[in-house]
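What follows is a single structure, written as structure tokens, with notes after it.
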Amino acid sequence: MNVLKELRHRTAKALAPLVDDPQPFAAMVKPAQDAQFGDYQANCAMPLAGKLKQKPREIAEQIVANLEVDDLCEPPEIAGPGFINFKLKDDWIASQGQALLNDERLGVEDSEADRTVVVDFSSPNVAKPMHVGHLRSTVLGDAICRILRFRGTQVHSDNHIGDWGTQFGMIIYGYKHFLDQSAFAENQVAELSRLYRLVNQLSDYHAAVKALPELEEQLQSQQQLLEAKRGELDTSDKKARKEIGKLEAAVKATQDRIESTRSKLKEVESDPALKALADQDLEIARHARLETAKLHQGDAENTELWNQFLPACLAMLHQMYERLDIHFDMELGESFYQPMLTDVVDSLKQQGLASESDGAMCVFIEGNDAPFLVQKQDGAFTYATTDLATIRYRINELKADEILYVVDARQSEHFKLLFETARQWGFDQTEYQHVSFGTILGEDKRPFKTRSGDTVGLESLIDEAVAQSRKIVDEIDDSKPDGPELDAETRANVAEMVGIGGIKYADLRHNRDSDYVFSWDKMLAKDGDTATYVQYAHARICGIFRKGDIDRASLRTASGSPLISAPEERALLLQLTRFGEAIEAVCEDYRPNQLTQYLFELSNLFSSFYVNCIVLKEENAELRTSRLKLCDLTARTLQTGLKLLGIETPEQM
RNA sequence: GCGCCCGUAGCUCAGCUGGAUAGAGCAACGGACUUCUAAUCCGUAGGUCGGAGGUUCGAAUCCUCCCGGGCGUGCCA
């Protein structure tokens with residue numbers, strides 16, 4: 001049972017004689033802000049005062065008089081201006097705990113079986129190695145899928161892979177010009193990946209050669225402008241200072257770009273072999289694009305290469321997903337929708353939605369300056385077109401009631417236009433949601449990069465996390481009072497779970513809308529709100545069962561509800577009954593940080609319980625059994641909760 | 001220029017469909033290992049919620065303006 005829902009339901013009944021629509025007022029029942037006020041509180045008497053023209057406390061008294069809650073609560077108390085405070089009865093909490101003990105779902109209601117949700121997340125480009133930029137979408141999207149599924153929703157997780165874009169042209173070009181046959185024979189994926197990076201680097205090099213003089217010129221004119229403004233503007237004037245500040249920032253930005261451009265040049269020029277390759281083709285970028293265009297036009301050779309390379313590229317991605325324990329129901333990439341795009345644009349034209357503007361096909365949405373561009377001047381389709389085709393497919397074929405896009409917040413305008421276009425196109429019975437998220441920042445508050453300014457590869461990020469947690473595992477296990485407990489293999493497994501769990505948890509614990517600062521120290525810290533802390537609480541419980549040689553299954557069917565003999569037991573049990581609330585809170589607006597917060601609090605309450613309530617050596621057999629039940633329920637809730645976030649739980653650490 | 005987002009404790013962040021003295025974690029300080037893992041627990045200290053107005057019985061939360069920062073802005077995805 002979801003206690004919060006139940007209390008709202010009861011409150012709604014009590015409100016029925018007072019107002020026509022009690023729902024919004026019943027929704028004002030919330031978990032108590034402060035334990036001193038009880039467990040839950042109703043805040044609806046105050047806003048009703050104005051509406052009913054009575055004093056809030058009088059209204060509260062009427063509500064309390066109508067309330068039928070004596071089976072679950074102590075008599076509700078009215079406090080302050082008109083708060084109604086609920087304190088759950090100990091024996092009721094205990095009976096709830098007993099019920100949860102035999103509930104596979106741990107109190108989470110299964111209420112959404114008739115609802116189909118498509119979750120679009122991760123969506124990397126094939127052939128490019130995944131990097132930190134993919135982390136949030138991947139981790140967040142996976143957690144959302146798991147949580148929705150656990151709640152009973154029909155979920156289709158879809159990896160909308162970029163498998164039809166310019167990067168394939170680069171690989172094809174690289175294959176035709178720079179292939180190392182023996183390397184290719186030995187490891188196809190590694191060689192393709194090398195070719196991609198090589199062509200990309202050479203393209204960047206030529207772009208840099210071209211850009212440098214322009215940048216230097218730009219810098220000069222910016223500096224001149226700055227000097228001029230400094231001379232003519234009155235620095236005591238705020239507007240003028242601001243203008244100068246902006247110019248200074250622009251100069252700095254240009255200087256940074258020049259520096260990074262120079263380092264790109266140096267990288268190639270300091271390597272004679274690389275320089276020679278660069279000199280072979282001064283227009284490599286254009287030629288690579290040409291390969292892409294040939295592919296799109298159905299060129300036989302390039303199509304064959306695409307067919308040959310794609311499985312290998314996907315395999316490379318799957319390796320990463322396997323390690324992250326992330327799986328998709330489908331991987332319908334851009335290429336899948338390619339044959340439908342002409343028809344999409346025709347359909348939009350027919351309905352009068354799309355019209356020509358500056359040689360491109362555009363959908364203009366009222367209230368938006370920028371058009372939604374579905375076909376470019378050169379006739380090529382855009383990702384807008386693909387996204388529309390995808391929507392049509394998801395609704396017609398997958399019967400989606402709702403589509404979630406777990407994508408960076410910077411694309412919000414695109415989705416605004418996409419959703420509105422889809423609705424006007426006729427797909428207006430489906431809910432669309434851009435589950436947006438902020439940027440991962442480095443300690444310098446700039447987007448997270450390596451020391452040298454490159455994007456951080458996902459693989460190296462994970463390796464680093466696992467290596468660091470391995471050091472901690474070794475250190476702690478070696479210093480255990482009774483000697484080390486873990487063999488090398490176990491240590492490696494624990495390090496993997498702690499390292500990857502740490503990365504995922506650090507991401508999920510933040511409100512998805514916020515940018516957050518990536519910190520190794522905080523992510524893997526032994527203290528604080530981390531995966532490690534939650535995993536440790538779970539491992540301690542497993543230790544109890546191991547040492548006591550406890551049969552957990554028979555524990556669950558043992559007679560008698562848990563006993564509440566100490567405040568720590570009550571607090572722990574109460575939290576355990578609230579797992580369903582936490583899941584609901586996540587689903588409300590797709591915010592997994594609601595679940596991390598719940599799990600952290602649960603771990604915290606357990607740790608207090610652990611310190612204050614001895615379990616195995618408890619002499620009172622009934623109390624010992626009761627506490628073992630709390631341990632079992634806590635362990636299962638922690639394990640299930642972490643699993644819903646995609647995080648594993650070691651039994652020993 | 002226009003649009004979107006952000007500004008909460010020394011640091012990292014919750015809280016934001018208005019509700020009681022604004023919460024956590026880290027760092028700081030003080031305690032607790034003959035007891036099931038001290039990767040732990042308990043306690044202390046720390047805030048004019050960027051600023052100013054407004055709406056309200058009540059504002060970190062809603063509205064307006066200002067200051068500071070980020071992002072996006074027709075043919076990359």
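Chain naming here is simple, since letters A, B, ... match the order of the sequence lines and numbering starts at 1 in each.
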>> Tell me whether A/E651 at atom CD has more than 12 heavy atoms from other residues, nucleotides or ligands lying less than 6.0 Å away.
In response: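 Check fails, neighbour count at 12 or below.
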Please confirm whether the shortest side-chain N or O distance from [X] to OP1 or OP2 of [N] is below 4.0 Å.
| X | N | result |
| --- | --- | --- |
| A/Y383 | B/rA77 | no |
| A/K547 | B/rU37 | yes |
| A/T382 | B/rA77 | no |

Would you say the ring centers of [X] and [Y] fall short of 6.0 Å from each other?
| X | Y | answer |
| --- | --- | --- |
| A/Y533 | A/Y536 | no |
| A/F419 | A/Y405 | yes |
| A/H160 | A/F121 | no |

> Is the A/Y173 ring parallel, tilted or perpendicular to the A/H287 ring (thresholds 30°, 60°)?
Replying inline: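 Parallel, since the angle between the ring planes stays under 30°.
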> Are A/R512 and A/Y590 in a cation-pi contact, defined as NZ or CZ under 6.0 Å from the six-membered ring centre and within 45° of the axis?
Replying inline: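 Not flagged: A/R512 not positioned over aromatic ring of A/Y590.
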>> As a test of the definition: with a 90° window around 0 for syn, would you call B/rC33 syn or anti?
In response: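 Classified syn.
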> Where each residue is assigned the nucleotide of RNA chain B containing its nearest heavy atom, which of A/V494 and A/F381 is assigned the position nearer the 5′ end?
Replying inline: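 Of the two residues, A/V494 wins.
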> Which string of ( ) [ ] | and . matches RNA chain B, if you list each base 5' to 3' and count Watson-Crick or G-U pairs only when both distances are under 3.5 Å?
Replying inline: (((((((..((((.....[...)))).(((((.......))))).....(((((..]....))))))))))))....
